[in-house]
Amino acid sequence: MSEETKALFDKQTKKSTLIAEQDLRSIEIEDATIQASMQPWANMECYQLSSGTKLAKMDIIDLGSQKIVRESQLASVQKVGATPTDFCTISYCTRDPNFRFTELSTDITNVLFFLPEQTEYDIFVPAGVQTNYVSLNQETFLNNARILNPSLWENPPQQLALLKAEQLSQFKTALNLWFNTAEALRSKGIVADNSIVSDSLLQQVLQILTSTNLEDSLPSPTERQRAFHTCRMVRAFVEHKLAADITPTIADICASVGVSERTLQYAFRSYVNMPPLAYLRLCRLNRVRATLLISDPQTTTVTEVAMRFGFLHLGRFALDYKQVFNESPSITLSQQHY
């Protein structure tokens, strides 16, 4: 970065704000060089292609090896570069017939893009378009994705590819929730464990991109017996992990019992008539409640316990807790138990 560019970069980044260990930056971009410099992990060059003194507004949640980026383009730009090794992105943009991601576009329908490692890209983003992406460690993402859905991810795309359209709305909702959560944590001055936040983001992305639809057919008696034994092993594994203050993921569970997520879905439908992710969430809620019941409200907070068991979206956690236990977590903590 040249001295001139660095000075401009430092001037503009003074407008950004930091959130605890998670670097949440919100900045107005006035120069294409700065837009590229704000994303050094993407090996990008950026060129302004239409008039305007304000180029873009960017929001970035920086989790180290993982990033969540939202760019609202105020002037048209071209982005050219190549992804580094062990780096991939999942992205979407608001629909515009002129938007182009290398040779792909959104002129037919809204889509999700998967950009793998060591792939050249050439993107044209018209003014008025918002682009959003998550960047991940590719090896970690693919290792987990293969466990969850081997039929879909055993042979992942080697170049820019479109993903299933039905996943777009879930992905949009997830990214919006992450930005809202980051802002809420910042406003409350809450410091979240970076590893918990990163793992939670990875698992949410995996859940969206590896999900499968189950058929409505009822399992046979043999399948029910197999499902029972599978789910009993899962329960023992989950209880062991939670007792050690470790929140297991669905990928962890699948690896521990040697099944795909689709097989796990079938098993849990027979076992407790709910998806394994919902069951795992309820196990975590029960563990939170058990901890609150024996904790001193003078030295323990609900937020501390919730985040200990992987609940980062605190508003949604409080609603789920009250729906299950018919009282708020703060009421549980405030009660005296002998």
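Quick note: residue numbers are just sequence positions, from 1. We use all heavy atoms of the structure for the numbers below, so side chains are in, but hydrogens, waters and symmetry mates are not.
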Interatomic distance, Arg146 atom CZ to Cys254 atom SG [nearest 0.5 angstrom]: 15.0 Å
Residues which pass salt bridge (charged side-chain N to carboxylate O under 4.0 Å, His left out) with Asp86, listed by chain and number, not counting sequence neighbours: none
query: Does the side chain of Leu168 come within less than 4.5 Å of Lys172's, by heavy atoms?
result: yes
query: So, Lys54 and Glu28, do they make that salt bridge, N to O below 4.0 Å?
result: yes
query: Considering residues, nucleotides and ligands other than Glu327, do more than 12 of their heavy atoms fall under 6.0 Å from its CD?
result: yes
query: Is Met58 reachable from Leu49 through a run of hydrophobic residues whose side-chain heavy atoms are each under 4.5 Å from the next?
result: no
message: Could you see if Leu177 belongs to whatever hydrophobic cluster contains Leu277? Use Ile, Leu, Val, Met, Phe, Trp, Tyr and a side-chain cutoff under 4.5 Å.
response: no
- request: Identify the two heavy atoms, one from Ile331 and one from Ser334, that lie closest to each other, and give their separation to 0.1 Å.
  value: O-OG, 3.0 Å
query: Hey, does the side chain of Ser76 reach the backbone of Pro126 with a donor-acceptor pair shorter than 3.5 angstrom?
result: no
task: Using the side-chain hydrogen bond (donor to acceptor under 3.5 Å, both in side chains) rule, take Glu117 and Thr83 through it: C-alpha gap first, then chi angles, then the decisive distance, then the call.
output: CA-CA 5 Å; Glu117 65 178 0; Thr83 53; over 6 Å; no
message: Evaluate Asp31 against Leu55 for side chain to side chain contact (heavy atoms under 4.5 Å, CB included), listing each step before the verdict.
response: CA-CA 6 Å; Asp31 183 89; Leu55 188 65; 6.0 Å; no
message: By the ring pair (Phe, Tyr, Trp, His ring centres under 6.0 Å) test, which pairs, at least two apart or in different chains, include something from residues 47-71?
response: none
Interatomic distance, Asn137 atom CG to Cys88 atom SG [nearest 0.5 angstrom]: 8.0 Å
Under the ring-ring contact (aromatic ring centres under 6.0 Å, His included) test, residues paired with Phe114 that sit two or more places apart: Trp153
query: Can you tell me how far the OG1 atom of Thr210 sits from the CG atom of Asn144, to the nearest 0.5 Å?
result: 9.0 Å
query: What is the distance from atom OG1 of Thr102 to atom OH of Tyr121, rounded to the nearest 0.5 Å?
result: 9.5 Å
Presence of salt bridge, Lys79 and Asp122, under 4.0 angstrom: no
query: If you group Ile, Leu, Val, Met, Phe, Trp and Tyr by side-chain heavy-atom gaps below 4.5 Å, do Leu160 and Trp41 land in one group?
result: yes
statement: By salt bridge (charged side-chain N to carboxylate O under 4.0 Å, His left out), Arg70 pairs with (sequence neighbours left out) Asp59
field: With Leu201, the side chain to side chain contact (heavy atoms under 4.5 Å, CB included) member among Leu206, Ile61, Leu175, Leu63
entry: Leu63
Taking distance alone, no hydrogens or angles, what donor-acceptor pairs closer than 3.5 Å link side-chain atoms of residues 229-244 to residues at least two apart or in another chain?
| from | atom 1 | to | atom 2 | distance (Å) |
| --- | --- | --- | --- | --- |
| Thr230 | OG1 | Arg226 | O | 3.0 |
| Arg235 | NH1 | Tyr279 | OH | 2.8 |
| Glu239 | OE1 | Arg287 | NH2 | 3.1 |

- prompt: If you take all heavy atoms of Ser256 and Ile253, which pair is closest and at what distance?
  reply: OG-O, 2.7 Å
Sequence neighbours excluded, every pair satisfying salt bridge (charged side-chain N to carboxylate O under 4.0 Å, His left out) that has a member inside residues 127-137: none
- request: Verify the distance criterion only: is there a donor paired with an acceptor across the side chains of Thr94 and Asp96 at less than 3.5 Å?
  value: no
Interatomic distance, Leu148 atom CG to Asn143 atom CG [nearest 0.5 angstrom]: 11.0 Å
query: So, the side chain of Glu71 versus the backbone of Thr131: is there a donor-acceptor pair under 3.5 Å, distance only?
result: no
field: Candidate pair Ser26 and Lys57, rule side chain to side chain contact (heavy atoms under 4.5 Å, CB included), full reasoning
entry: CA-CA 7 Å; Ser26 183; Lys57 181 180 182 298; 3.1 Å; yes
message: Side-chain heavy atoms nearer than 4.5 Å, only ILVMFWY residues, links allowed to pass through others: does that put Val69 and Leu74 together?
response: no
query: Picking from Val111, Asn132, Val129, what satisfies side chain to side chain contact (heavy atoms under 4.5 Å, CB included) with Cys93?
result: Val129
message: Please enumerate all residues that pass side chain to side chain contact (heavy atoms under 4.5 Å, CB included) together with Thr53, with sequence neighbours excluded.
response: none
- line: Hits for side chain to side chain contact (heavy atoms under 4.5 Å, CB included) against Ser91, two or more places apart or cross-chain, chain-then-number order -> Phe101, Phe113, Tyr133
- prompt: Should Ile147 and Ile246 be regarded as members of a common hydrophobic cluster, given that ILVMFWY residues are connected when their side-chain heavy atoms come within less than 4.5 Å of each other, either directly or indirectly?
  reply: no
task: Identify the heavy atoms of Leu112 and Tyr92 that sit nearest to each other, and give their distance.
output: CD2-CB, 4.0 Å
- prompt: Between Thr173 and Asn176, do the side chains contain an N or O donor and an N or O acceptor separated by less than 3.5 Å?
  reply: no
task: For Leu104 and Phe99, run side chain to side chain contact (heavy atoms under 4.5 Å, CB included): C-alpha distance rounded to whole Å, both residues' side-chain angles, the deciding distance at 0.1 Å, then the answer.
output: CA-CA 9 Å; Leu104 303 178; Phe99 173 86; over 6 Å; no
message: Testing the basics here: between Val77 and Gln48, what is the closest heavy-atom pair and its distance to 0.1 Å?
response: CG1-CA, 4.3 Å
- line: Between Gln158 and Pro156, the two heavy atoms sitting closest are NE2-O, 3.1 Å
- prompt: Can you list every pair that meets side chain to side chain donor-acceptor pair (under 3.5 Å) and has a residue in residues 292-302, with sequence neighbours left out?
  reply: none
Distance-only donor-acceptor pairs under 3.5 Å for side chains of residues 307-321, two or more places apart:
| from | atom 1 | to | atom 2 | distance (Å) |
| --- | --- | --- | --- | --- |
| Arg308 | NE | Asp245 | OD1 | 3.2 |
| Arg308 | NE | Asp245 | OD2 | 3.2 |
| Arg308 | NH2 | Asp245 | OD1 | 3.0 |
| Arg308 | NH2 | Asp245 | OD2 | 3.1 |
| His313 | ND1 | Thr181 | OG1 | 2.6 |
| Asp320 | OD2 | Arg281 | NE | 2.8 |
| Asp320 | OD2 | Arg281 | NH2 | 2.8 |
| Tyr321 | OH | Arg289 | NH1 | 3.2 |
| Tyr321 | OH | Thr332 | OG1 | 2.8 |

- prompt: Would Glu45 and Gln78 count as having a side-chain donor-acceptor pair, cut-off 3.5 Å?
  reply: no
Side chain to side chain contact (heavy atoms under 4.5 Å, CB included) partners of Asn273, counting only residues at least two apart: Arg269
- prompt: Does the side chain of Thr89 pick up a donor-acceptor pair with the side chain of Lys67 at under 3.5 Å?
  reply: no
query: How long is the span from the CD atom in Glu120 to the CG atom in Leu115, to the nearest 0.5 Å?
result: 11.0 Å
- prompt: Does one side chain, of Gln207 or Gln170, offer a donor that lies under 3.5 Å from an acceptor on the other?
  reply: no
message: Does Gln323 have more than 12 heavy atoms from other residues, nucleotides or ligands lying within 6.0 Å of its CD?
response: no
- request: Considering non-hydrogen atoms only, spot the tightest contact between Ala267 and Ala227 and give its length.
  value: CA-CB, 3.5 Å
- prompt: With sequence neighbours left out, what residues match Pro275 under side chain to side chain contact (heavy atoms under 4.5 Å, CB included)?
  reply: Gln265, Ala278
